[in-house]
Amino acid sequence: MGKITENVKRLLSEVPEGVEVVAAAKTRTADEILEVLDAGISKIGENYVQEALTVYESVGKKAQWHFIGHLQSNKVVQVVPIFDMIETVDSAKLARKIDKYAKLNNKIMSILIEVNSGREPQKNGVMPEDVENLVREIAPLSHTKLLGLMTMGPFTGDPEDARPYFVETRRIFDHIKSLQIPHVDMKYLSMGMSNSYKVAIEEGANVIRVGTKLFGERACKYE
Ligand SMILES: *Cc1c(COP(=O)(O)O)cnc(C)c1O
């Protein structure tokens with residue numbers, strides 16, 4: 001059994017039922033992605049459009065593709081046709097552009113709102129107090145389906161430090177859910193990475209995004 005296969009099987013055996021794993025595949029090759037898919041994970045997360053287009057050529061519809069990086073407005077045209085979900089929507093302007101291209105592609109684009117739970121000025125995502133307004137702006141869009149929230153949280157290396165930010169994002173998630181806004185289906189809460197997914201699951205995540213723990217250390221660190 002290959003190392004990646006072993007890692008996938010170990011992670012899947014640890015993760016409770018109802019929690020979906022997105023394999024965060026930045027810098028990974030199509031062959032590495034195919035190994036993850038063969039081992040039993042169906043969702044692949046990509047941060048960079050060019051990289052995604054390259055691996056998509058060989059992997060294609062064998063995977064469900066989640067966009068998990070910062071989405072620049074001028075890349076929406078390339079992202080909408082191939083991705084199944086965009087996890088990082090943080091403005092009404094971006095959502096409207098996604099909606100326009102989804103309509104042109106005859107699809108309903110599933111999206112999550114990215115919350116800047118740590119209120120870090122250099123990070124993307126909408127501030128916690130602005131989430132509700134953004135939800136209300138996105139809800140009426142005809143070709144965009146809002147399905148939940150995503151957050152990164154500040155990274156310190158100690159997963160316990162991330163816990164308050166996961167708790168805060170969960171609180172916002174539950175609040176939005178309780179509003180029962182038409183056309184909004186608060187189904188997914190995407191939180192936690194290789195070092196923090198256990199804490200994230202304890203705090204209510206049902207989507208986790210895991211890279212290093214499946215593929216091994218990245219040769220070059222992005223971000
Ligand atoms: C890279 C990345 C991950 C996974 O990080 P690991 O520490 O390698 O598990 C999760 N989410 C996002 C948005 C990422 O860019």
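In listed order, ligands and their atoms are each counted from 1. Remember, predicted model here, so these are calculated numbers, not experimental data. Start at 1 with the first residue, then count along the sequence. Every heavy atom of this structure was used, including side-chain atoms; hydrogens, water molecules and symmetry mates were not.
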Atoms of ligand 1 close to [X] [distance to a heavy atom under 4.0 angstrom, numbered from 1]:
{"X": "Arg209", "answer": "4 (C), 10 (C), 11 (N), 12 (C), 13 (C)"}
{"X": "Thr212", "answer": "6 (P), 7 (O), 8 (O), 9 (O)"}
{"X": "Asn47", "answer": "14 (C), 15 (O)"}
{"X": "Val210", "answer": "9 (O)"}

- Closer than 4.0 angstrom: is that true for some heavy atom of Lys26 and an atom of ligand 1?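 Checking ligand 1 against Lys26, which is what was asked, there is a heavy-atom contact under 4.0 Å.
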- Query: Looking at ligand 1, does Arg218 have a heavy atom less than 4.0 Å from it?
  - Reply: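 Checking ligand 1 against Arg218, which is what was asked, there is a heavy-atom contact under 4.0 Å.
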- Task: Ignoring hydrogens and angles, tell me if any N or O in the side chain of Arg209 forms a donor-acceptor pair with the backbone of Ala23 under 3.5 Å.
- Result: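 Pair absent, no side-chain N/O of Arg209 close to backbone of Ala23.
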- For ligand 1, is any non-hydrogen atom under 4.0 Å from Ser194's backbone (N, CA, C, O), its side chain (CB onward), both, or neither?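 For Ser194, the contact with ligand 1 is made by both the backbone and the side chain.
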- Report the part of Met152 (side chain from C-beta onward, or backbone N, CA, C, O) that has a heavy atom under 4.0 Å from ligand 1; answer both or neither where that applies.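 Side chain only.
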Inter-residue atom distance [X].[atom1] - [Y].[atom2], 0.5 Å rounding:
{"X": "Arg171", "Y": "Glu203", "atom1": "CZ", "atom2": "CD", "value": "13.5 Å"}
{"X": "Ser91", "Y": "Asp130", "atom1": "OG", "atom2": "CG", "value": "11.5 Å"}
{"X": "Ile68", "Y": "Ile44", "atom1": "CD1", "atom2": "CD1", "value": "10.0 Å"}

- Under 3.5 Å side-chain donor-acceptor pair for Thr5 and Glu35: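 Distance-only check passes for Thr5 and Glu35.
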- Message: Less than 3.5 Å apart, any donor N or O on the side chain of Tyr197 or Glu202 sitting next to an acceptor on the other?
- Response: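 No pair is found: no donor N or O on one side chain lies under 3.5 Å from an acceptor on the other.
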- Query: Counting only heavy atoms not in Lys103, do more than 12 fall under 6.0 Å of its NZ?
  - Reply: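 No, the 6.0 Å shell around NZ holds no more than 12 heavy atoms from other groups.
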- Message: Counting only nitrogen or oxygen atoms and a 3.5 angstrom limit, does Met150 reach ligand 1?
- Response: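 N/O-N/O distance under 3.5 Å: no.
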